S.K.: 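What follows is a single structure, and I will ask about it in a moment.
Side-chain atoms are counted along with the backbone in the values below, which use heavy atoms only and exclude waters and symmetry mates. Predicted, not measured: the structure shown is a model, and the values here were computed from it. In each ligand, atom 1 is the first atom listed, and ligand 1 is the first ligand listed.
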Amino acid sequence: MRMTKAFIPTLRSTPAEAEIISHQLLLRAGYIRKSAAGVYTYLPFAQRVLKKIEDIIRDEMDKAGGQEVLLPIIQPAELWLETGRWHVYGEEMFRLKDRHDRDFCLGPTHEEIITDLIRGEVNSYRQLPLRLYQIQNKYRDERRPRFGLMRGREFIMKDLYSFDKDEEGLETSYQKMYQAYTNIFTRCGLKFRPVEADSGAIGGNVTHEFMVLAENGEASIVYCDDCDYAANIEIAPCQPVEIGNEKEDIKPLEKVHTPNVRTIDEIVKFLNVNPQKCIKTLFYKADEQVIVVLIRGDRNINEIKLQKVHPCYSLELATEDEVRDITGCKTGFIGPVGLKEVPIYADLEIKNLVNAVSGANEDHYHLVNVNGNRDFEVTGFYDLRFVEVGEQCPKCKSSLKMARGIEVGQVFKLGTKYSEALNAKFLDENGKENLILMGCYGIGVTRTMAAAVEQNYDANGIIWPKSIAPYHVVVIPISIKDEDHIKNAQKLYEQLIDKGIEVVLDDRNERPGVKFKDADLIGFPIRLTVGKKTVIEGLVEYKLRTEQESIDVPIEQVVNKVLEYLNT
Ligand code: 9G3
């Protein structure tokens with residue numbers, strides 16, 4: 001490819017709307033252009049990167065027993081009505097009508113479609129296991145599409161669905177996928193960690209997310225350096241950490257005047273108590289019902305865990321008015337003592353609190369020496385908090401660390417959630433009818449490209465891992481007016497192509513500095529410069545994008561040196 005021909009519209013400056021580095025660089029380096037909010041055009045160099053990622057994925061999916069299909073993007077509402085999910089996903093689902101006024105959606109995922117296919121084709125255990133996958137656009141109408149390809153409304157996903165006759169078969173499929181994902185992200189040159197994750201609304205219970213570690217990641221993970229434990233913070237389990245006041249004698253309950261003292265910090269100062277001795281009382285609206293949550297003053301509520309304890313579609317903090325209707329006071333003065341007819345879910349650490357402080361359910365008053373059992377009842381004690389850095393690893397007791405991650409893949413055990421809803425059955429060895437056991441496994445292909453940039457860049461631009469770079473080498477003649485520079489560059493360019501190396505010749509009539517800057521911005525793994533030294537001493541300047549310094553290599557050795565680097 002010649003740069004004078006290549007469609008790679010680099011920009012001098014960064015568009016203001018791009019907040020994170022991958023969005024900024026993919027725009028500036030001429031890889032993507034926005035067509036609408038969360039909808040992008042992939043320009044030629046991006047298309048080459050995507051194709052390399054997809055080919056790595058295909059290779060590993062095929063090795064794991066997958067067979068590639070292509071499923072429809074337009075999906076009939078009937079299937080989603082059968083599984084009961086048509087109404088579960090509100091505005092996030094792109095819905096449309098055909099000319100006969102029939103309802104459809106643009107596929108956000110394909111459990112319904114693939115299970116509908118299988119229920120009509122599979123009827124015997126002999127046909128299992130079956131693993132079908134596609135690489136296809138997905139559509140999700142994100143409320144706030146942002147961060148470029150990281151959270152788009154149209155994105156490319158590989159999704160594989162496994163069909164097995166029993167739990168053992170499902171476990172085998174799951175493990176094969178887990179290993180395939182490890183191979184894929186390794187081959188893409190990414191630093192990643194599989195983490196135990198929350199199965200969310202899709203049911204099933206075993207799931208792992210594959211996180212690319214990057215400071216711009218939207219997900220928070222806790223991990224242990226001394227063992228392989230890692231978990232999405234949304235579900236990371238917590239042990240109650242005692243504060244060592246269990247020995248204290250229980251004192252009589254006392255109401256104290258605390259004018260305008262509302263927040264935990266204000267109570268801590270006003271009453272001179274430790275936040276760990278305070279009971280933080282939160283009122284939530286779960287669908288239409290008010291529920292009360294108690295958590296220690298120094299901890300943070302984990303609403304994902306709360307939603308598991310009290311399953312509901314919508315969960316949000318109650319308004320001041322809703323709180324006043326129940327307690328007659330402002331939220332700053334609410335507490336568990338005296339609350340009636342509302343479920344009270346308490347975090348495990350509330351159980352052993354002695355002589356705690358809470359609101360008195362009366363404006364400008366708090367209670368001290370509050371003791372559970374004696375002073376208030378709870379519906380139950382549950383793990384409702386976020387785990388914190390330094391807490392013990394549940395597997396090996398070392399102290400946990402925290403990192404941000406970009407979720408690029410997830411593997412789920414679905415069990416019979418969809419085969420039951422759509423009646424996908426098979427006859428087993430004994431002629432008995434059984435529901436097919438399913439798993440589903442996704443990789444965000446476009447998100448993986450963005451994650452690769454988040455993890456591999458510097459002040460000059462993108463540093464593509466060589467396995468997914470759009471081209472391997474850029475050859476730069478210092479001056480296109482110098483016959484010798486052009487001749488040598490052209491010869492080297494042709495030699496590289498003859499060896500199957502993907503190379504760009506920067507034949508533009510630009511100053512060398514501009515060509516060097518573009519080469520760094522676009523992110524070619526290898527830059528070869530042909531100039532006076534080549535003509536006089538037969539030396540080519542060889543520079544790796546991952547190194548600061550370049551070296552001079554005799555022109556007859558350059559091709560082998562490139563091959564050597566690409567093959568390691
Ligand atoms: C929807 C909408 C958004 C969604 C879903 C359905 C996420 C939905 C979960 C999954 C699970 C797995 C197969 C590949 C891997 C992920 N967002 N999910 O089901 F209607 Cl609007 O997609 N599906």
S.K.: Can you confirm, on distance only, whether ligand 1 has an N/O atom lying under 3.5 Å from any N/O atom belonging to Y441?
M.R.: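 In this structure, Y441 places no N or O atom under 3.5 Å from an N or O of ligand 1.
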S.K.: Polar contacts were defined as any N/O atom of the residue lying under 3.5 Å from an N/O atom of the ligand; does this apply to R85 and ligand 1?
M.R.: yes
S.K.: Give me the ring orientation class for Y345 and H310: parallel if the planes are under 30° apart, tilted from 30 to 60°, perpendicular past 60°.
M.R.: perpendicular
S.K.: So, K413 and E171, do they make that salt bridge, N to O below 4.0 Å?
M.R.: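 Salt bridge flag = yes for E171 with K413.
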S.K.: Nearest non-hydrogen contact with atom 22 (O) of ligand 1 belongs to which option: R140, E111, Q410, E142?
M.R.: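 Going through R140, E111, Q410, E142 one by one, R140 has the nearest heavy atom to atom 22 (O) of ligand 1.
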S.K.: Go through it in stages, so that I can follow the logic: the residues are E218 and R146, the test is salt bridge (charged side-chain N to carboxylate O under 4.0 Å, His left out), and I'd like the CA-CA distance, side-chain angles, deciding distance and then a yes or no.
M.R.: CA-CA 11 Å; E218 286 189 323; R146 54 196 192 135; 3.8 Å; yes
S.K.: Got a donor-acceptor contact below 3.5 angstrom from the N302 side chain to the K305 backbone?
M.R.: yes
S.K.: Verify the distance criterion only: is there a donor paired with an acceptor across the side chains of D159 and Y161 at less than 3.5 Å?
M.R.: yes
S.K.: I want to know if ligand 1 touches T109 in the polar sense, i.e. an N/O pair below 3.5 angstrom.
M.R.: yes
S.K.: Can you find a non-hydrogen atom of Y161 under 4.0 Å from ligand 1?
M.R.: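 Yes, that is the case, since the closest heavy atom of the residue is under 4.0 Å from the ligand.
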S.K.: Of all the atoms in ligand 1, which lie at a distance below 4.0 Å from a heavy atom belonging to D159?
M.R.: 14 (C)
S.K.: Does any donor atom in the side chain of H110 or Q134 lie under 3.5 Å from an acceptor atom in the other side chain?
M.R.: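 Yes, Q134 and H110 have a side-chain donor paired with an acceptor closer than 3.5 Å.
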S.K.: Work out which heavy atom in P465 is nearest to a heavy atom in N456; give both atom names and the distance.
M.R.: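 Nearest heavy atoms, P465 then N456: CG-ND2, 3.8 Å.
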S.K.: Inspect the contact between E349 and R296 and indicate whether a charged nitrogen and a carboxylate oxygen are less than 4.0 angstrom apart.
M.R.: yes
S.K.: Quick one: which ligand 1 atoms are inside 4.0 Å of a heavy atom on W80?
M.R.: 20 (F)
S.K.: Which ligand 1 atoms, with their elements, are less than 4.0 angstrom from a heavy-atom of M93?
M.R.: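 Atoms satisfying the 4.0 Å criterion: 20 (F), 21 (Cl).
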S.K.: Identify, by atom number and element, the atoms of ligand 1 in contact range of M157, meaning under 4.0 Å from any of its heavy atoms.
M.R.: 14 (C)
S.K.: Say whether E92, considering both its backbone and side-chain N or O atoms, lies within less than 3.5 Å of an N or O atom on ligand 1.
M.R.: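 For ligand 1, there is no N or O atom that lies under 3.5 Å from one belonging to E92.
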S.K.: Identify, by atom number and element, the atoms of ligand 1 in contact range of F412, meaning under 4.0 Å from any of its heavy atoms.
M.R.: 11 (C), 12 (C), 16 (C)
S.K.: Are any of the heavy atoms in H110 under 4.0 Å away from ligand 1?
M.R.: no
